Amino acid sequence: MKSNDSLMILALAAALAVAPFFIYPVFLMKVLCFALFACAFNLLIGYVGLLSFGHAMFFGFAAYVSGYTVKTWGFPTEIGILAGMLVSAALGLVAGLIAIRRQGIYFAMVTLALAQMVFFFCVQAKFTGGEDGIQSIPRRALFGVIDIRNDFTLYYVVLAIFLAGFLVIYRTIHSPFGQVLKAIRENEPRAISLGYKVDNYKLLAFVLSAALSGLAGATKAIVFQLATLTDVTWQMSGEVVLMTLVGGMGTVLGPFVGAAIIIAMQNYLAQFGEWVLVIQGVIFVTTVMLFRRGVVGEIGAYLAKARGTAKE
Amino acid sequence: MNTTEDSIVETRGLTKEFRGFRAVNDVNLKVRRGSIHALIGPNGAGKTTCFNLITKFLQPTSGAIFFKGRDITRTAPADVARLGLVRSFQISATFPNLNLVENVRIALQRPLGNSFHFWRPESTLSSLDGRALELLDAVGLSEYAGLTAVELPYGRKRALEIATTLALDPELLLLDEPMAGMAREDISRVSALIRKISQNRTILMVEHNMSVVADLCDQITVLARGEVLAEGSYSVVSRNPAVIEAYMGTGQGSAESAGQSSGNANGGTHG
Ligand SMILES: Nc1ncnc2c1ncn2[C@@H]1O[C@H](COP(=O)(O)OP(=O)(O)OP(=O)(O)O)[C@@H](O)[C@H]1O
Ligand SMILES: [Mg+2]
């Protein structure tokens, strides 16, 4: 691991470890779930250059799966979360096989269409509980021993899940596989001409991203003891795009920062009702127009520039 | 197998239509193993399209392509590369935000078989750094190894592209205008490089610079409007009236290069 990055990640982990002493843990858990979701999404857009506009299908469907298996089938919590993640990975494989050959905007449109199919399936299917969703999902003791009914304890479980997912993504980006992904993002025809079957690489990245989005959604269902249609809507797919762009796509910490900003806004501006959407829209437009690289990307560029001028 | 023994690549009746327009029309091309073969012709003649067809980046409308006696007409482009037929691009193709060592390593990495290993650290690739540096050194880029590709001047990018291509140790190299946009000293450096790497492989190249073609190439195929106009050694082709006509007929820039070509004809026949 690059020493700069490992310092940054350690600092983040340390800050998150003490955070619940200052900030409401349920809010923090929400941030962590969405941050993991955004990090998983960023693996695709930031490192493969694929814009998926249907990632809610992995996030939201995994929430249903973990909620249903834990509540109705009596799965232990950890198995329920794992089930949500695996189902999302499988869904990712199917969606990926259909979408991966399309380029650019067509890829986004195909993923959106597939996500809408999943949405309608969730509306129709019995097990999702329709408009009510799946409610009061039990917080069964983790591994049979760790009591997670207490928000404070659960927070550390969620933090562990987030960090695990985050490290998987970090490793993926900095692996032999990640090198090929970057090559494909930088110059796809060239990668092909060097003998890489780029579709296979994109597909694996897509499945990894889907699985980790599923992990995030499944965890969220346990935290809020609730799985609803909200998490499979196209608006949710848009929200994760927003978080990633605001934070800075293709940066390690950007999606986390973006998720924190958007969730905080939604929480603290909730009193303004529908206006939250307008404010989000304004932020989105401002980011796209003025801070192309997102918050983290801009700070990184500023620091790099400062370092550059310091050297001269 | 019914191709001639000594040709490494052969096309038969190769044709490509773009919405009714024939960019490549019934081209029968044979490239002799071990030669440096030039594909020349005025702008829009269909040279790049031919390259795209041979490397399977485009699917031919009709015709067949054989590589080492094997029909590759339906083969996927990545598989063509794996067979040992590797191309460069007319517009320099590097991985701009990767550094030079990483650029070359991408090519070296695939045969290692760990390219799907997302759980391994990047450091598993460092065993390739030595070979990557050797290749960079061979094209005169070792002092720039730490830079990212985007920071290189144009001529050096082409050299990096050649180093990356060579990393695959291809049997047949397709170079699309490797000298385009280069300064004079870069041209002679890359010429020398191409001559050097041609020792144990075959090269098919598109090149507009006639003195380079005269100097380097054993065999020349002239394309015009998608069709083969002439074929042979430089001295034969450059005297062909149809060839002179084709170059004259396409305006100032090409007329100049045709003039340049006849000026260099003697130089070409020395060797
Ligand atoms: N994808 C495409 N769609 C439609 N027409 C194309 C396409 N690619 C090439 N053409 C046309 O085919 C003809 C041949 O193009 P090509 O690029 O092969 O020429 P070239 O010989 O490489 O020329 P240059 O010396 O300018 O590179 C041109 O008229 C071009 O406009
Ligand atoms: Mg061309």
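Excluded from the calculations below are hydrogen atoms, water molecules and symmetry mates; all remaining heavy atoms, backbone and side chain alike, are included. A note on names: the letters A, B, ... follow the listed sequences, proteins ahead of strands, and every chain is numbered from 1. Every value quoted in this text rests on a predicted model; they were computed, and no experiment measured them.
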Reported [atom1]-to-[atom2] distance for the pair [X] and [Y], which is rounded to 0.5 angstrom:
| X | Y | atom1 | atom2 | value |
| --- | --- | --- | --- | --- |
| A:Arg190 | B:Glu161 | CZ | CD | 5.0 Å |
| A:Arg185 | B:Asn97 | CZ | CG | 6.5 Å |
| B:His117 | A:Leu204 | NE2 | CG | 10.5 Å |
| A:Ser193 | B:Leu85 | OG | CG | 11.0 Å |
| A:Arg171 | B:Glu122 | CZ | CD | 9.5 Å |
| A:Leu194 | B:Arg87 | CG | CZ | 11.0 Å |

Please flag which part of [X] lies under 4.5 Å from any non-hydrogen atom of chain A: side chain, backbone, both or neither.
| X | value |
| --- | --- |
| B:Phe116 | both |
| B:Thr165 | both |
| B:Leu98 | both |
| B:Leu125 | side chain |
| B:Thr124 | side chain |

Is it true that, when you exclude [X] itself, more than 12 heavy atoms of the residues, nucleotides or ligands shown sit nearer than 6.0 Å to its [atom1]?
| X | atom1 | answer |
| --- | --- | --- |
| B:Tyr154 | OH | yes |
| B:Phe18 | CZ | yes |
| B:Arg32 | CZ | no |

Report summary line: Greatest number of non-hydrogen atom pairs under 4.5 angstrom with chain A, of B:Ala149, B:Pro96, B:Ser115, falls to B:Ser115
Query raised in the report: For the candidates B:Leu112, B:Thr55, B:Thr164, which exhibits the highest count of non-hydrogen atom pairs separated by less than 4.5 Å from chain A?
Result: B:Thr164
Closest approach of [X] and [Y], non-hydrogen atoms and distance?
| X | Y | answer |
| --- | --- | --- |
| A:Asn187 | B:Phe95 | O-CE2, 3.5 Å |
| A:Pro176 | B:Asn114 | CB-O, 3.4 Å |
| B:Ala78 | A:Lys197 | CB-CG, 3.8 Å |
| A:Pro189 | B:Phe57 | O-CZ, 3.5 Å |

Report task. Using a cut-off of under 4.5 Å on heavy-atom pairs, state which of A:Thr172, A:Leu181, A:Val168 scores highest against chain B. Result -> A:Thr172
Query raised in the report: Got A:Tyr196 and B:Ile106 here, is their nearest side-chain heavy-atom distance under 4.5 Å?
Result: yes
